[in-house]
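Please read the structure below before turning to the comments.
Source: prediction; values computed, not measured. A, B, ... follow the sequence lines: proteins, then strands. Residue 1 opens every chain.
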Number of protein chains: 2
Amino acid sequence: MQEFLANGYAATSMDRVAATAGVSKATVYSHFQDKASLFAALVQELAEEKFRTVFDPRDHNALKGEPRQVLSELAEKVLDDAAQDSQFCEFMRLIVGESGRFPELAAPYVQNVAKPLLDALARYLASCPELQLADPEATARVFIGTLIYFVLLQRVLGGKDSLPMESDRIVTTLIDLIVPA
Amino acid sequence: MQEFLANGYAATSMDRVAATAGVSKATVYSHFQDKASLFAALVQELAEEKFRTVFDPRDHNALKGEPRQVLSELAEKVLDDAAQDSQFCEFMRLIVGESGRFPELAAPYVQNVAKPLLDALARYLASCPELQLADPEATARVFIGTLIYFVLLQRVLGGKDSLPMESDRIVTTLIDLIVPA
DNA sequence: GTCTATACATCGATAGAC
DNA sequence: GTCTATCGATGTATAGAC
């Protein structure tokens with residue numbers, strides 16, 4: 001996986017995969033039918049790992065409580081995840097970059113990672129009477145979309161230097177828009 | 001460019017580039033030093049084209065007027081652009097997917113396309129006294145980020161079917177959040 | 001300037017020994 | 001199960017004729 005994350009699908013050779021794994025190429029081919037199958041298996045495994053992270057049992061009760069607090073913690077969690085875990089950006093590059101040629105890999109990611117997160121947030125937003133939201137589902141997309149775009153621009157596309165912006169301003173602005181004063 | 005957009009950098013062969021261009025491979029190499037140089041030249045040209053689209057002279061006065069109207073039109077324009085122009089998704093896949101190995105290509109895109117758009121919107125938002133925005137720059141990021149994420153999820157990653165959402169709901173929600181009732 | 005032909009490396013995948 | 005050795009195809013890039 002580390003080879004695919006670093007080089008993308010096409011630029012990753014099975015020689016390097018085997019070398020990095022510490023086995024011979026024939027051994028790799030005894031476990032996986034071909035390069036595409038290996039890639040699919042690795043990506044799906046990583047996607048399931050991300051899925052378990054999003055649905056961390058410890059955070060099962062995270063989306064309960066006072067809106068400003070809950071939304072602030074969720075935003076920090078997503079941004080910290082993206083900032084610390086360098087895999088996050090590489091995985092984003094891979095899944096977006098290969099989504100045209102491997103739509104069967106992008107689909108489970110949307111279904112198992114993006115959808116559960118959006119659904120959980122939408123349910124929480126809908127459960128807060130004080131928010132008075134006309135469309136919680138769309139509001140959840142505004143929230144997550146703003147955060148993902150921030151990570152995309154600052155870290156994935158390297159806008160950190162040329163287009164500086166503190167993440168705190170994004171979070172504060174987002175919460176002030178959603179939670180009435 | 002059509003080959004790079006369809007296959008990505010690594011999976012595009014210079015044979016196919018030459019064939020699609022209707023010339024021989026040697027001719028291509030007489031105009032460009034190597035594959036990477038050709039790719040860089042093509043992407044920068046396309047980025048400049050997108051730049052001119054964003055800064056369409058006809059729309060020079062677009063960001064003036066009543067907020068609900070202006071923001072609604074801007075959102076529709078971005079979403080329509082992404083929906084009709086199939087190049088939009090392919091270009092997004094390419095620029096994101098190759099941003100790790102070609103950071104020198106992502107940087108001009110951020111500088112010449114994303115930044116002007118965000119700046120223009122932030123200036124407009126700041127110029128509207130009735131909006132009373134504490135942080136127009138961050139608010140511009142919320143607006144554009146929500147739209148780009150929508151396109152990313154629905155079209156680039158193919159969530160159109162598995163995660164349906166009408167664009168109108170996004171636009172309406174976004175505007176209701178930013179523009180006071 | 002553009003072509004054909006080719007050099008040289010590396011690719012994915014497999015055969016056969018152990 | 002894992003290895004070494006290798007196949008045929010394809011990759012980038014260039015040489016030399018026109």
Quick test: give all pairs of protein nitrogen or oxygen and nucleotides 1-5 of chain C nitrogen or oxygen below 3.5 Å, distance rounded to 0.1 Å.
residue	atom	partner	partner atom	Å
C:dT2	OP2	B:H31	NE2	2.9
C:dC3	OP2	B:S24	N	2.7
C:dC3	OP2	B:S24	OG	3.0
C:dC3	OP2	B:T27	OG1	2.5

Does a side-chain N-to-carboxylate-O contact under 4.0 Å join B:E49 and B:R52?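 The answer is no: the pair does not qualify as a salt bridge.
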Flag the pair B:R101 and B:E98 as a salt bridge only when some basic side-chain nitrogen lies within less than 4.0 angstrom of an acidic carboxylate oxygen. yes
Grab the [atom1]-[atom2] distance between [X] and [N] for me, whole Å please.
X: A:M14; N: C:dT10; atom1: CE; atom2: C1'; value: 14 Å
X: A:D15; N: C:dA13; atom1: CG; atom2: P; value: 11 Å
X: A:R16; N: C:dG12; atom1: CZ; atom2: C1'; value: 16 Å
X: B:K35; N: D:dT10; atom1: NZ; atom2: C1'; value: 12 Å
X: A:N7; N: C:dT10; atom1: CG; atom2: C1'; value: 14 Å
X: A:F32; N: C:dG12; atom1: CZ; atom2: P; value: 15 Å
X: B:Y29; N: C:dT6; atom1: OH; atom2: C1'; value: 14 Å
X: B:D34; N: D:dT14; atom1: CG; atom2: C1'; value: 13 Å

Which residue pairs satisfy the ring pair (Phe, Tyr, Trp, His ring centres under 6.0 Å) criterion with at least one member in residues 78-104 of chain B, sequence neighbours excluded?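 Checked against ring pair (Phe, Tyr, Trp, His ring centres under 6.0 Å) - neighbours excluded - the pairs reaching residues 78-104 of chain B are B:Y9-B:F102, B:F39-B:F102, B:F91-B:Y109.
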Backbone N/O of B:L163 and side chain of B:Q154: donor-acceptor pair under 3.5 Å: yes
Across all chains, not counting sequence neighbours, the side-chain hydrogen bond (donor to acceptor under 3.5 Å, both in side chains) partners of B:S13 are none
Regarding B:S37 and B:D34, is there a side-chain donor-to-acceptor distance under 3.5 Å anywhere? yes
